[in-house]
Asks: 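First the structure, then my questions, so here it is.
One-based numbering, in listed order, for ligands and for the atoms of each. All values below were derived from every heavy atom in this structure, side-chain atoms included, with hydrogens, water molecules and symmetry-related copies excluded.
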Amino acid sequence: MTAEALAEIERDCPACGSAGHRPVPEYSQGPWRMAACTSCGFTYLKNVPDYSRLVSEFAWEKTWAEEAKRRKSERSAFRAVDAATSFRWKFRRDAGARYLKVFGAGRVLDIGCGRGDSLPAPLIPYGIELSAGLQAESDPKFRERGGYVLLGPAIEKLGDFEEGFFDGVLMSSILEHDMNPRGLLTAVRRVLKDGGKLYLKLPNFGVSNRHVRGPKWCGFRYPDHVNYFTVPDLERMAKDCGYAFTQLNRFAPFSDNMHVLLTKP
Ligand SMILES: [Zn+2]
């Protein structure tokens, strides 16, 4: 497989749908072009890789990992995705305690569940995972606890669950990757019961550190981070999609990541 197999999609603003934009060359890298929406101000990657095609046509997580090893010296999409997958594997114990506190009990869906180590008992864990290898690993663990893991893209697989099925949904380091964040938030809302909670963790483009570090800020990953939300950007989109918005980390202006709770009223 060659880099040419990585088809690209050119998109309009994923926040407001406007085509109007100005280039942001200081935050662009190689073939990947950053843009700022002239209607709503949202910052996003203008051209994004078409992952759906790759997922359907290749056993990509293996192919890409091998490809990444071969292309170590090269800045390639394969390498970026390999890195994106491996960082999700890291389990943080205090995150588990936090999720338990937020969700309490019931059925919780972990989108991009990886190895399936994020949701502690007594939560009943469900997952959606894009990597066949990780789905094979997490599915038996979740089945032992009453849930299961579906393999495939998030928006598509959310359609397999009935409306109002979940007490909670976890999206940790997901929303910044999805080329259709608004569609994803809407699809998640459908599967939440009334009062259900969506816990979001994602890079905070509004952080003061980004102004200090500039293009070296840790939130930039090309091309796998395609949406660059500030807290107000996310609040606007969440409310448009029918959620109540609560910011969980109080020091967001100084935090590279934001933790946010969206509630279906
Ligand atoms: Zn916009």
Asks: Locate the shortest heavy-atom distance separating Tyr222 from Gln29; write the atom from each residue and the value.
Replies: CD1-OE1, 3.3 Å

Asks: Close to the Zn ion (ligand 1), meaning under 2.8 Å, how many protein N, O or S atoms are there?
Replies: 4

Asks: In a table with atom names and distances, give each donor-acceptor pair under 3.5 Å that connects a side chain of residues 149-168 to protein atoms at least two apart or in another chain.
Replies:
residue	atom	partner	partner atom	Å
Asp167	OD1	Lys193	NZ	2.9
Asp167	OD2	Arg107	N	2.9

Asks: For Tyr99, which residues count as a side chain to side chain donor-acceptor pair (under 3.5 Å) partner, sequence neighbours excluded?
Replies: none

Asks: Rounded at 0.5 Å granularity, tell me how far OH in Tyr243 sits from CG in Leu234.
Replies: 10.5 Å

Asks: Would you say Tyr199 and Arg98 are linked by a side-chain donor-acceptor pair, where the criterion is simply a distance under 3.5 Å?
Replies: yes

Asks: If the condition is salt bridge (Lys or Arg N to Asp or Glu O under 4.0 Å), which residues does Arg236 pass it with, not counting sequence neighbours?
Replies: Asp233

